[in-house]
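Remarks on the structure that follows.
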Amino acid sequence: MQNVDVAALFTELADLLEIQGANPFRVRAYRNAARTIENLSESVAGIVADPDHDLSTLEGIGKDLAEKIETIVKTGHLPQLEEQRAEIPADVREMLRIPGLGPKKVAALFHELNVRTLGDLRAAAEGGKIAELKGFGKKTAQTILEGLALLEEVGKRVYLAVAKPAADEIVADLLASGTVEQASVAGSCRRRKESCGDLDLLAVASDSKGAMDCLAAHPLVTKVLARGETKQRVRLHSGLELDLRVVPAESYGAALQYFTGSKEHNIVVRRRAQERGLKINEYGVFRGEESIAGQSEEEVYAAVELPWIPPELRENRGEIELAEQHRLPKLLELSNMRGDLHMHTTATDGTASIEEMIEAAKARGLEYIAITDHSKRVTMANGLDADRLREHWRNIDAVRKKTKGIHVLCGIECDILEDATMDLPDDVLAEADWVLAVLHYGLKQPRAKIQERLLMALRNPYVHAIGHPSGRIIGQRPGADIDFDELFHVAKEEGKFLEINADPSRLDLDDVHAAAAKARGIPIVISTDAHSTRGFASMEWGVYQARRAGLTAADVINTLPWKEFSKRIARR
DNA sequence: GCCGTTTTCGGCCCGACTGTTTTCAGTCG
C-alpha cells in the first residue's frame with residue numbers, strides 16, 4: 001500500500017461525502033489529508049510500522065484520520081468508504097469528472113432523476129430530462145453530453161504516474177519473491193504513454209504457480225479476475241487491471257517486443273519479417289518451423305535488420321525509417337536535466353517556503369531553478385500583484401544571496417488574460433530573471449482569440465517561454481484551440497521557448513506537438529510546476545514525454561550548464 | 001474532520017464566471 005493508494009481512498013471518500021451533502025469542511029479535511037499523504041516523502045506504511053509513530057503530527061491529520069490511516073495500512077480497507085460505496089454507485093462519482101458537474105448537480109441527477117450509470121446520464125441528457133431539472137438548462141445538458149464523450153474517449157485510463165509505480169512495485173516484488181527469473185512491464189506503460197488503460201507484465205518463471213500466487217496476494221491487488229496456467233488478470237486498488245503473462249525464457253524478448261507494441265509499430269515490424277521470409281509472433285522469430293530468435297528484443301529487431309528501438313518511439317511515427325538509416329536519436333535522460341524553471345512557494349499556492357524549495361532543489365542536484373509563483377489573476381491561488389511580487393523577489397534575493405551551490409532566478413508565471421494583455425505590466429516583467437507566460441482562463445475562447453493571446457505573449461520582449469501551452473488536463477479537459485503551426489512559427493521568430501510541463505496530469509506540450517516544435521528548431525524547456533518539495537520528482541514524467549517526442553539533450557534548453565543557460569536567457 | 005484556543009466550540013481562502021435565473025447557486029481554479 002503506497003501513499004498514493006491511501007490518498008486515493010480519502011479522495012474517493014471526500015467525493016462521495018460531498019455528493020451526500022456532508023459538511024464541506026469535513027470534506028476538505030479528507031482532501032487535505034489526501035494531499036498531505038501524497039506529498040509525504042516517507043511512506044505512511046513505513047511510519048505505521050514504527051511502534052513510536054504519531055501520525056497526528058502530520059499537517060491536517062488529527063486523531064480520527066490517524067486511526068483511519070492505520071486501518072487502511074493494516075487492512076487495506078476503510079469501512080466508512082465501503083458504507084458510502086454501498087449508497088452511491090461508482091458511475092455517479094465518475095460524473096464528477098465531467099466538467100460543469102459538481103457534487104450538487106450530481107446529487108440532483110442521482111436523487112431526482114435516479115441517474116445511476118453514465119448510460120442513464122446520456123439518456124437523460126438526450127431525452128431532454130436534464131434541461132427540465134431546476135438549476136439545469138439546455139447548455140448544461142449539452143456540456144454533459146460533451147463531457148461524456150470525453151470520458152468515453154479516455155475510458156478508465158490512469159496517468160502514467162499512477163500506473164508505472166504500481167507496475168514497478170509488482171515487478172520488483174515478483175523478482176524478490178524468487179518465483180521469477182525475469183520480469184518487466186510491457187504495453188503502453190513501457191512506452192511511457194501519458195496514460196495507461198491497463199498494465200501488461202511479462203515474466204519468465206521457474207515456478208509459474210508461485211508467481212501467480214505472489215501476484216494474487218500482492219497488497220496492491222484487490223481482486224483476481226481470471227487465472228490460468230500462464231496468464232492471470234487482476235484488479236488493483238487504483239481500478240487499473242493488470243495482466244501477468246508467464247513465458248518461456250527463449251520467448252521472452254519476442255513476447256516483450258510483441259506486448260510492448262504499439263500495434264501500429266508491430267504491424268510494420270512483422271511486415272518487414274514477411275518480406276524476409278520470416279514470421280514474428282510473441283513466441284519468437286521463425287523461418288518456417290525453425291525459431292531463429294526470441295530471447296531478447298535486440299535479437300528480434302536484428303532479425304529484421306534493425307537496431308533495437310527505444311519503447312518510447314514505437315508508435316510508427318517514423319522510427320522504423322530512422323532505425324533503418326541508423327539515425328535514431330540519442331534520447332534525453334533524466335540525468336541530463338540541470339535546471340527546473342517552473343515552481344511555486346507559499347507566496348501563492350505552493351506548500352513549501354522559498355528556503356525549502358531551494359534546499360530541495362539542491363538536494364536533487366539541480367544547478368539552477370526559477371521560482372515562478374502565480375500572478376494576480378489567479379485569485380484562488382493567492383496570485384501576486386506588482387507590489388507583492390516585488391516583495392517576493394526581494395525575499396528570494398535575500399535567500400539566494402546566502403545560498404551556495406545553486407543559482408536561483410526570480411521568476412513569475414504570468415497569466416495571459418482573456419483580453420490578450422499580460423496580467424502584470426511590462427515594467428514589472430522587465431525586472432524578472434525569468435518570465436513564463438501561461439493561459440489559465442478562457443481556454444474555451446475561439447481559435448482566433450486564443451491565437452491573439454499566445455502571439456501577444458510570444459511577442460512581449462520580457463517573456464521567455466510559454467508554460468503548459470494548451471492548458472489541457474489529461475482525460476479531463478481538452479486544451480485550447482491552438483494553431484500550432486503559427487505558434488511555432490512565431491516562437492521561432494521571437495526566439496522563445498516552449499514548455500513541456502512535467503506535471504503528470506498536464507504533460508503539455510504533448511509528445512506530438514513537442515516533436516513538431518523540435519522539427520522547427522524551437523528549444524524546449526521541461527519543468528515540474530512543483531507545488532511542494534516533492535513536486536520536483538515529476539521531472540521524470542516530463543522527460544518521458546520528451547523521449548516520446550524523440551527529443552535529445554540538445555533539444556532541451558535546461559540541460560545546459562548554468563553558464564550557457566544564463567547567456568541564452570540574458571536580455572539583449 | 002482539523003485546529004487552536006480568550007480550552008470545548010467556532011472558524012476553516014474566495015473572486016470570477018457561467019448558466020441559470022430575475023437575484024443567485026454552482027463550479028472552477
Side-chain angles (χ1 to χ4, degrees), chain A residues 7 9-11 13-37 54-72 78 80-81 84 95-112 125 130-147 344 346-351 373-385 388 413 415-419 423 438-445 467-468 471-473 476-478 480 501 503 505-506 529 531:
Chain A
L9 295 182
F10 282 145
T11 301
L13 183 53
D15 285 348
L16 297 180
L17 286 171
E18 208 169 18
I19 293 170
Q20 297 278 39
N23 178 346
F25 297 108
R26 187 175 160 220
V27 172
R28 187 191 294 174
Y30 281 112
R31 294 201 193 285
N32 288 341
R35 194 179 149 95
T36 296
I37 294 166
D54 183 7
L55 286 165
S56 67
T57 56
L58 295 173
E59 180 82 32
I61 310 285
K63 186 165 168 288
D64 183 274
L65 282 169
E67 277 174 24
K68 288 193 167 76
I69 293 170
E70 299 218 5
T71 307
I72 293 170
L78 180 60
Q80 288 84 352
L81 177 57
Q84 292 300 325
M95 291 176 202
L96 291 175
R97 291 177 56 190
I98 295 172
L101 284 189
K104 296 284 162 56
K105 283 208 160 78
V106 167
L109 290 165
F110 179 45
H111 291 125
E112 289 175 42
I130 286 177
E132 294 166 9
L133 209 56
K134 190 172 180 312
F136 292 71
K138 277 200 170 133
K139 271 273 176 70
T140 314
Q142 187 54 38
T143 308
I144 288 173
L145 285 173
E146 286 165 17
H344 298 268
T346 48
T348 59
D349 59 350
T351 61
D373 275 297
H374 286 289
S375 60
K376 64 182 195 297
R377 174 67 173 80
V378 192
T379 48
M380 270 318 300
N382 195 20
L384 303 165
D385 62 18
R388 285 184 57 219
E413 177 179 11
D415 259 64
I416 305 169
L417 301 179
E418 289 94 320
D419 65 356
D423 194 19
V438 298
L439 302 172
H440 279 127
Y441 296 93
L443 290 174
K444 288 188 189 164
Q445 286 180 332
H468 47 69
R472 64 102 177 241
I473 303 290
Q476 288 178 38
R477 179 176 81 194
N501 188 291
D503 185 290
S505 66
R506 288 194 183 268
D529 204 350
H531 283 69

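Throughout, protein chains are lettered first and strands after them, A, B, ... in sequence-line order, and every chain is numbered starting at 1. In this text, all values refer to a predicted model and were calculated from it rather than measured experimentally.
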Every protein N/O lying under 3.5 Å from an N/O of nucleotides 24-27 of chain B:
residue: B:dT27; atom: OP1; partner: A:G102; partner atom: N; Å: 2.6
residue: B:dT27; atom: OP1; partner: A:G102; partner atom: O; Å: 3.1
residue: B:dT27; atom: OP1; partner: A:K105; partner atom: N; Å: 3.0
residue: B:dT27; atom: OP2; partner: A:K104; partner atom: N; Å: 3.3
residue: B:dT27; atom: O5'; partner: A:G102; partner atom: N; Å: 3.4

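- Residues passing the salt bridge (charged side-chain N to carboxylate O under 4.0 Å, His left out) test with A:E418, sequence neighbours excluded: A:R377.
- Judged as a ring pair (Phe, Tyr, Trp, His ring centres under 6.0 Å), and not counting sequence neighbours, the contacts of A:Y30 are A:F10.
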Under 4.0 Å protein heavy-atom contacts per nucleotide of nucleotides 15-23 of chain B, with B for base, S for backbone only and - for none: SSS-SS---

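- Checked against ring pair (Phe, Tyr, Trp, His ring centres under 6.0 Å), A:H374 has the following partners two or more places apart in sequence or in another chain: A:H344, A:H440.
- Partners of A:T348 according to the side chain to side chain donor-acceptor pair (under 3.5 Å) rule, which considers only residues two or more places apart in sequence or in another chain, are A:D373.
- With sequence neighbours left out, A:E112 forms a side chain to side chain contact (heavy atoms under 4.5 Å, CB included) with A:A108, A:L133.
- Judged as a side chain to side chain donor-acceptor pair (under 3.5 Å), and not counting sequence neighbours, A:T11 has no contacts.
- Listed by chain and number, the residues in a side chain to side chain contact (heavy atoms under 4.5 Å, CB included) with A:K376 are A:D385, A:D423 (sequence neighbours excluded).
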Report, one line per pair, each donor and acceptor closer than 3.5 Å where one atom sits in a side chain of residues 18-29 of chain A; sequence neighbours left out.
residue: A:E18; atom: OE1; partner: A:R31; partner atom: NH2; Å: 2.6
residue: A:Q20; atom: NE2; partner: A:Q84; partner atom: OE1; Å: 3.0
residue: A:Q20; atom: NE2; partner: A:E87; partner atom: OE1; Å: 3.2
residue: A:N23; atom: OD1; partner: A:F25; partner atom: N; Å: 2.8

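- For the segment residues 13-21 of chain A, the set of residues with a heavy atom within less than 4.0 Å of an atom of DNA chain B is empty.
- Listed by first and then second residue, the salt bridge (charged side-chain N to carboxylate O under 4.0 Å, His left out) pairs that reach into residues 134-147 of chain A come to none, sequence neighbours excluded.
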